[in-house]
Amino acid sequence: MKINKNKKIELFYSMIRMRMIEEKIAEKYSEQEMRCPVHLSIGQEAIASGICMNLQKKDQVLSAHRSHFHYLAKGGSLKKMISEIYGKETGCAGGKGGSMHLIDIQAGLIAAVPIVGSTIPIGVGLAWANKLDNLKKIVVIFFGEGSTEEGVFYESINFAALHNLPVLFVCENNFYSVYSGLNKRQPKKRKLFNVAESLGVKGISLDGNNVEEIYLKAKKIIKSVQRTNHPFFIELSTYRFLEHCGPNNDDDLEYRPTSEILFWKKKCPIVKYKKKLLKEKVLNSKKLDKIYNEINLEINKSFKFAQKSKFPKNSNLMKNIYA
Amino acid sequence: MKINKNKKIELFYSMIRMRMIEEKIAEKYSEQEMRCPVHLSIGQEAIASGICMNLQKKDQVLSAHRSHFHYLAKGGSLKKMISEIYGKETGCAGGKGGSMHLIDIQAGLIAAVPIVGSTIPIGVGLAWANKLDNLKKIVVIFFGEGSTEEGVFYESINFAALHNLPVLFVCENNFYSVYSGLNKRQPKKRKLFNVAESLGVKGISLDGNNVEEIYLKAKKIIKSVQRTNHPFFIELSTYRFLEHCGPNNDDDLEYRPTSEILFWKKKCPIVKYKKKLLKEKVLNSKKLDKIYNEINLEINKSFKFAQKSKFPKNSNLMKNIYA
Amino acid sequence: MLKKNSINKNRFIQYTQAINEALMQSMKLDKKIVILGLGVDDPKRIFGTTNNLIETYGKNRVFDMPTSENAITGFAIGMSLGKYRPVLCHQRVEFALLSMDQIINQAAKWSYMNDGQMSVPIVIRLIIGRGWGQGPQHSQSLESLFANIPGLKVVCPSSAYDAKGMLISSINDNNPVIFFEHRWLHSTYSIVPKKHYSVPIGRSKIVKKGNNLTIVSSSYMTIESLKASEILSNYGINAEVIDLRTLRPLDIKPVLKSLKKTKKLLVVDNGWTQYGISAEIITRVATIKKLNKNLAINRMGIADTPIPSTRNLAKLCYPDCLDICTEVGKILNIKFKNLYSKFKSFRAQDVPNKNFTGPF
Amino acid sequence: MLKKNSINKNRFIQYTQAINEALMQSMKLDKKIVILGLGVDDPKRIFGTTNNLIETYGKNRVFDMPTSENAITGFAIGMSLGKYRPVLCHQRVEFALLSMDQIINQAAKWSYMNDGQMSVPIVIRLIIGRGWGQGPQHSQSLESLFANIPGLKVVCPSSAYDAKGMLISSINDNNPVIFFEHRWLHSTYSIVPKKHYSVPIGRSKIVKKGNNLTIVSSSYMTIESLKASEILSNYGINAEVIDLRTLRPLDIKPVLKSLKKTKKLLVVDNGWTQYGISAEIITRVATIKKLNKNLAINRMGIADTPIPSTRNLAKLCYPDCLDICTEVGKILNIKFKNLYSKFKSFRAQDVPNKNFTGPF
Ligand SMILES: Cc1ncc(C[n+]2csc(CCOP(=O)(O)OP(=O)(O)O)c2C)c(N)n1
Ligand SMILES: Cc1ncc(C[n+]2csc(CCOP(=O)(O)OP(=O)(O)O)c2C)c(N)n1
Ligand SMILES: [Mg+2]
Ligand SMILES: [Mg+2]
């Protein structure tokens, strides 16, 4: 399969936009107006972009604590996301959730919650409902490799396999859970997609920093999930560039080897792809500037919107506890 | 490897004794003096016998709701078991546990509890302690295939693999969880030992009704676990002859196909083995009679002991809530 | 037809059948209602409560499940997001302890977390209480663990009539509802209309009028409280008995009203008393300025211990009607003569009824 | 050396350091103590509480864990059966909801289930409470879910001094102890002896003497209650403040004694009030025959809702010292002039101290 020029630009645009958004969050976090934990995904742009580029609006995505990119790639409103992080009434959850509880039902971002693994069965249940209703939708569940240590992940995979549910499991393996390396949590040589396969869900492992490959492979997989109602598991290796939670770089803490960090920085999905597209003449510096400007404009607008928005009224405190 | 004659008789004795004990429980249950749920294992004798024959006293066993055979095969006191089922102060748990909470610390039966899957991490933790202390013990955890649907099973396997713990997982696959067949719970073609292997724990699948094979294979496996501190997973196919819980046959409920029942009754581990040993002249009818008589005597004594024993004193109610 | 039956005052049916009717009738009215749980379609049908569901509504609406309690609850939440209305069942409340994350962190907070854009209309039926030597892990009554959590509704009907009506309300509710059924209530009978009707969530009920003292209880303990009030009437004492029926949102008004009259309160807890349901009831009373003078207040409940299996210790754990009378006597400063000998036949043993022969 | 330091009254240290000292010193005395939990050896060391443990005691006694909360608790139980004494830690109480089966069904009942032949000496440190916009799933205080369970001990020290002494007692205890640490207590200081000492489990404590009314509280709310008592003294009101410190077994005696004097009780709950800790305290008082006359009783606690992330709603959830004063005013029928303007600086914002800049 080939990717046409426009799609390439779209993929690049999606990635660079997400990065610029989070860089702005990081920059402005110290103003102490975004008063909630933020888990930035910088470095992991290719996965959300490559997968979600294949999804339609009706398809549904669930995520966890590190959800900004999934929200954005699925078409969630930037204004509402920034407002949510600022705790404003215009936020996607009315300010009640903060960065760890993004949601945009219209866009199909159904839920993101910070209890590790907890959205996985919920996504499977939703896929089950879709299947019973014969809706030709796919549910995509994004989670970190840490989630795969939770029993509920296993229970969910079992059920998706048992009932042949149209769900795509996307495991972003960035090798760390907070500061804990994989070697403290899973045996060496574990292949997560093998685990899925042993349970009856087909799987593959991909380079999580190669956006075109992700896009192309995911296209095929998603089509087959839709056609066959069989679940699928994709494991993607990638790397988070900043600290686990918060706006900073934490390489000074030395929980990750410098050589490893350098290796992955070199594999930056955006730098690499930009080079490629420049070389292929899909992009040039003029086009790039236009893209940057456009994104900057959008970002600035969104932050202004959020900053100007009001905090929710006190009377909102006791609202919507019950439907 | 060969099995000598004495060992053969021991294996047979172990199996027939367990069956006769449970047959007596079934017979006397309707007297309504054993007032607690009982999960009889008749039909599954070969597994407990074949595995535990390889264990030493210091080795440790954990089980679940269907635990009589594990308790007996590990050398638990019959008198204390029957007394426990009768709710007497002489019971192995002072009457506080009933059939679902057998324990005999001296014999190395560390725990049996009726929350499905719940003893699995406890056994792994115990194996961990043993390893840290460099004790040359092995922990054997018996559980039904239903347990393998609990997330905690998966979490436990992961950890045993990660830390190379000296633990043997023994899955008795009798194809049913209460009245629910495997097809309602796990995908077709699932091989449980493949799941374990994908997680980093070596495994095999065995005929759970062939006591000699179990004994021989388990001998090798247990030695290797002891030597290498690597966990191992054995899946054994078998069949429970009576109802899930209670003293009766429930084939009238028709949740199991008649052909399946017949197939397994033919594979009765005791009938088959008896035939074999008679043919091999290891046993003869005289020897058999002696065995039956001896066991009957022991059983009758134990029931009398239990029946004559006292109920725990009222003052025991509030004792031992805290250590 | 329906109408005729529904006014038939003599239609006594069993609690389990009432549950079953609620499910059958609700499923007929709303195709999005689905039934999930271990054994919902097995020969025993959850003590008969799921009888005929699979025959009538088919295997696309009635699902046996793997032994994966935590995930099952998540599946139910997910289905509800897909516009289904799952009714989930655990045969023992203990099994639900495996799913507290999904219940407390997710279901209870879902509507609030997204500020009302979505809600989670699921019903979780949890079977609590005693059995035949069930022992420490199959006999708990953990209502207060759920009642503490905003975002959940928690109900515990004590009669077949309420069970049907409140299960229908629970299914119709757009929020997660924890529906407690006590094992020993399953075999009780009451008059139950055949029609589809609802009993509102959030209303306690005076189940017996009286003016000498107020007994407040819930779930199975309401039965023992009613028995106690019958016995007490032999001693000339006229107790008012209030059945809470819903623990969250709690309806305390009938209790306060009753106390204006009686000035005496005994709360009979269906579980452990420490940090239990009874503590909340008493606190609601004790913190009312105008009421808290000159009241005699006490509570009782299950002994503060894991429940042993052996019958002679287990029976000591559970207060019954005679123990309730004794507590009433303490509040009223009366000693009831021959109470335990005269009314021995009222006592519960280790089985809910004479027909019970185990094993569960 | 040790002695000299231990009598140095000016040794103010932080709560987190007190926890750390308890762990360091206990591990030195007993080689069977091991530390389990996500991040116990990571650069942040559970807010500093596990500093130096791995350096001092090595990787065979300090274990980072996979994200498998339910199994981890089972491992801890299993290790304790192998004569180890694990101290387990969850950075948020919410994560422990994944392990309620192991905690409630197994650990709490182990000793009883085998009639005292074995017990489960484990400590489970659970971090509760507020943070910076933590939202509904990272800010709960679920003490009452554990306090309801016989077989558990439940403690919640509010000072660095008690934290060290009670953690040592918890580690030495042969039973499962749930040890609650409030995030906002972590940055508080108190005088803490350097030596290894213990503060007994099961004793509440008068943290401020007074005679006009009794304020009972626990965990972080003790801090706000103390602040309130300081403010109240400006209005000539002398409040007695009692810190429960242990929720199970509950020591109610100091409360009852205090009430004999003050006749007025305000219970400040560290969590939700409905079916919360405060309900038990009030019930213990209200069910005492000789005491329940002429008492003024009230309670307050976290608003009955999931906690929102946004700071301007979150702050409405948590009562602080000024809100406590207002409640006291209601009990005493006094209106405090200029309370909110005059003592504004006493108010907690959405951070525990000025140095806090997020993200957690
Ligand atoms: C049930 C649970 N346990 C622990 C945590 C603490 N925690 C927050 S994020 C996180 C890391 C999870 O790692 P991973 O799933 O790989 O996601 P990543 O942060 O790498 O994107 C952990 C352990 C949690 N939020 N929920
Ligand atoms: C956590 C939990 N869920 C459900 C049950 C109900 N239950 C009791 S025994 C049993 C069957 C388990 O099947 P399996 O593990 O295969 O054991 P078997 O009965 O076949 O020996 C079930 C589901 C339980 N005891 N615990
Ligand atoms: Mg990760
Ligand atoms: Mg089975």
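Just so we're on the same page: letters track the sequence lines, and every chain starts at 1.
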Heavy atoms of other groups near B/Lys136 NZ, more than 12 under 6.0 Å = yes
Atom NZ in B/Lys131, atom CE in D/Met79: separation rounded to 0.5 Å?
-> 11.5 Å
Contacting moiety of B/Leu317, where chain D heavy atoms sit under 4.5 Å = both
Heavy-atom proximity to chain D below 4.5 Å, by part of B/Leu135 | neither
Check whether more than 12 heavy atoms from other residues, nucleotides or ligands sit under 6.0 Å from atom NZ of D/Lys44, and answer yes or no.
-> no
Of the backbone (N, CA, C, O) and the side chain (C-beta and beyond), which part of D/Leu98 lies under 4.5 Å from a heavy atom of chain B, both, or neither?
-> neither
Please tell me if the side chains of D/Asp115 and B/Glu89 come closer than 4.5 Å, counting only heavy atoms from C-beta onward.
-> no
Top residue by heavy-atom pair count (under 4.5 Å) with chain B, among D/Gly116, D/Ser119, D/Ser111?
-> D/Ser111
Interface check, chain D: of B/Ala127, B/Ala323, B/Ser156, most non-hydrogen pairs under 4.5 Å belong to B/Ala323
Report, as yes or no, whether the 6.0 Å neighbourhood of atom CZ on D/Arg203 holds more than 12 heavy atoms from other residues, nucleotides or ligands.
-> no
Among side-chain atoms of B/Ser118 and D/Asp101, is any donor-acceptor pair under 3.5 angstrom?
-> yes
Answer with side chain, backbone, both or neither: which region of B/Asn158 has an atom nearer than 4.5 Å to a non-hydrogen atom of chain D?
-> side chain
Out of B/Asp133, B/Val113, B/Leu102, B/Leu62, which one racks up the most heavy-atom pairs below 4.5 Å with chain D?
-> B/Asp133
Minimum heavy-atom separation for D/Phe75 to B/Glu155, with atom names?
-> CZ-O, 4.0 Å
Run the side-chain contact (heavy atoms from CB on, under 4.5 Å) check on D/Tyr112 and B/Lys319 step by step: do they pass?
-> CA-CA 8 Å; D/Tyr112 195 77; B/Lys319 277 191 191 143; over 6 Å; no
Side chain, backbone, both or neither: which part of D/Asn175 has an atom under 4.5 Å from a heavy atom of chain B?
-> side chain
All heavy atoms of D/Asn114 vs all of B/Ile103, minimum pair found to be CB-CD1, 3.4 Å
Roughly how far, to the nearest 0.5 Å, is CZ of D/Phe63 from CH2 of B/Trp128?
-> 4.5 Å
Atom NZ of B/Lys223 with >12 non-hydrogen neighbours under 6.0 angstrom | no
Side chain from CB out, backbone as N, CA, C, O: work out which of these in B/Ile321 comes under 4.5 Å of a heavy atom of chain D, or both, or neither.
-> both
Highest number of heavy-atom pairs under 4.5 Å with chain B among D/Lys32, D/Glu69, D/Arg61, D/Gln106 belongs to D/Gln106
Just how far is it from atom CG of B/Leu132 to atom NZ of D/Lys31, taken to the nearest 0.5 Å?
-> 13.0 Å
Spacing of OG belonging to D/Ser80 relative to CD1 belonging to B/Ile122, to within rounding of 0.5 Å = 8.5 Å
Can you measure from CD (D/Gln102) to CD1 (B/Ile115) and round to the nearest 0.5 angstrom?
-> 9.5 Å
Just by distance, with hydrogens left out, do B/Tyr322 and D/Asn174 show a side-chain donor and acceptor under 3.5 Å apart?
-> no
Given B/Asn130, B/Asn316, B/Leu126, B/Leu162, the one with more heavy-atom pairs under 4.5 angstrom with chain D than any other is B/Leu126
Identify the two heavy atoms, one from D/Trp110 and one from B/Ile110, that lie closest to each other, and give their separation to 0.1 Å.
-> CZ2-O, 4.3 Å
Crowding at NZ, B/Lys80 (>12 non-hydrogen neighbours, <6.0 Å) = no
